[in-house]
Amino acid sequence: MSDIDPVPNELVFAHDGLLPAIIQDDVSGDVLMLAWMDHEAVRRTLTTGRVTFWSRSRREYWRKGDTSGHRQYVRGVKMDCDGDTLLVRVVQIDAACHTGTRTCFTDREVTALMGDPADDA
């Protein structure tokens with residue numbers, strides 16, 4: 001194994017050592033979930049082909065699907081313009097959400113007034 005750290009130096013971790021990772025289905029483009037990664041979770045994700053997160057509640061690493069079978073296979077990783085958020089494109093096996101739904105956003109609409117760009121004309 002190489003001693004070179006695959007985690008980009010440009011990544012900016014918050015004061016708690018974490019950054020958000022948005023998980024997106026590589027085929028449909030659906031946003032599946034958001035979870036947290038620290039430096040080690042990013043390293044594992046970049047070097048294993050499977051997505052690893054840091055659980056803030058359990059204070060431990062978890063590789064998506066190891067207990068549920070609902071695995072995520074990495075297809076691409078991008079960082080945002082500030083370097084403080086990752087977008088991870090995956091092949092999702094079965095549900096992404098711990099509740100059993102395809103995404104963590106399924107059937108969780110929040111009422112909001114819809115804006116119209118024509119109103120600014």
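Side chains are part of it too, since the values below use all heavy atoms of this structure and drop only hydrogens, waters and symmetry mates. All residue numbers refer to positions in the sequence shown, counting from 1.
The two residues T47 and P6 come nearest to each other via the heavy atoms CG2-CG, 3.6 Å. Between L32 and A96, the shortest heavy-atom contact is CB-CB, 3.8 Å. Counting all heavy atoms, side chain and backbone alike, L18 lies closest to W36 at CB-CE3, 4.0 Å.
Not one N or O on the side chain of T101 forms a donor-acceptor pair closer than 3.5 Å with the backbone of C104. Although no hydrogens or angles enter the test, the distance criterion places no donor-acceptor pair under 3.5 Å between the side chain of Q24 and the main chain of R89. Between the side chain of R102 and the main chain of D94, a donor-acceptor pair closer than 3.5 Å is present. Between the side chain of Q92 and the main chain of A95, a donor-acceptor pair closer than 3.5 Å is present. Judged by distance alone, the side chain of R50 and the main-chain N or O of K64 form a donor-acceptor pair under 3.5 Å. In this structure, R71 contributes its side chain and G69 its backbone to a donor-acceptor pair below 3.5 Å. A side-chain donor-acceptor contact under 3.5 Å links D80 to the backbone of T85.
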Item checked: side chain to side chain contact (heavy atoms under 4.5 Å, CB included) assessment of V74 paired with T45 -> CA-CA 7 Å; V74 177; T45 298; 3.8 Å; yes
Note to self: One pair to check against side chain to side chain contact (heavy atoms under 4.5 Å, CB included): R63 and R44. What are the steps and the verdict?
What the structure shows: CA-CA 9 Å; R63 191 169 71 163; R44 291 181 189 189; over 6 Å; no
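Within 6.0 Å of CG on D107 lie no more than 12 heavy atoms contributed by other residues, nucleotides or ligands. In E109, the CD atom is not crowded: 12 or fewer heavy atoms of neighbouring residues, nucleotides or ligands sit closer than 6.0 Å. When the shell of 6.0 Å around CZ of R58 is examined, it contains more than 12 heavy atoms from other residues, nucleotides or ligands.
The line from CG of D38 to CZ of F53 is 12.0 Å long, rounded to the nearest 0.5 Å. Here CZ of R75 is found 10.5 Å from CG of D25. Values are rounded to the nearest 0.5 Å. Distance check, rounded to the nearest 0.5 Å: OG1 of T106 to CG of D30 gives 8.0 Å. Note: E10 CD to D84 CG = 13.0 Å, rounded to the nearest 0.5 Å.
Looking at V77 and V42, their side chains never come closer than 4.5 Å, going by heavy atoms from C-beta outward. Residues V7 and M37 form no side-chain contact, since every pair of their non-hydrogen atoms from C-beta on lies 4.5 Å or further apart.
The aromatic rings of Y61 and W54 stand perpendicular to each other, their planes meeting at an angle above 60°, with 30° marking the opposite boundary.
Taken together through direct or relayed side-chain contacts under 4.5 Å among Ile, Leu, Val, Met, Phe, Trp and Tyr, L46 and V51 form part of one hydrophobic cluster. In the hydrophobic clustering of this structure, L86 groups with F13; members are Ile, Leu, Val, Met, Phe, Trp, Tyr whose side-chain heavy atoms approach within less than 4.5 Å, directly or through other members. Side-chain heavy atoms closer than 4.5 Å link hydrophobic residues (I, L, V, M, F, W, Y) into clusters, and following such links, even through other members, never connects L87 to M79. In the hydrophobic clustering of ILVMFWY residues, with side-chain heavy atoms under 4.5 Å counting as a link, I23 and F105 come out apart.
Using a 4.0 Å cut-off between a side-chain N of Lys or Arg and a carboxylate O of Asp or Glu, D16 and R56 do not qualify as a salt bridge.
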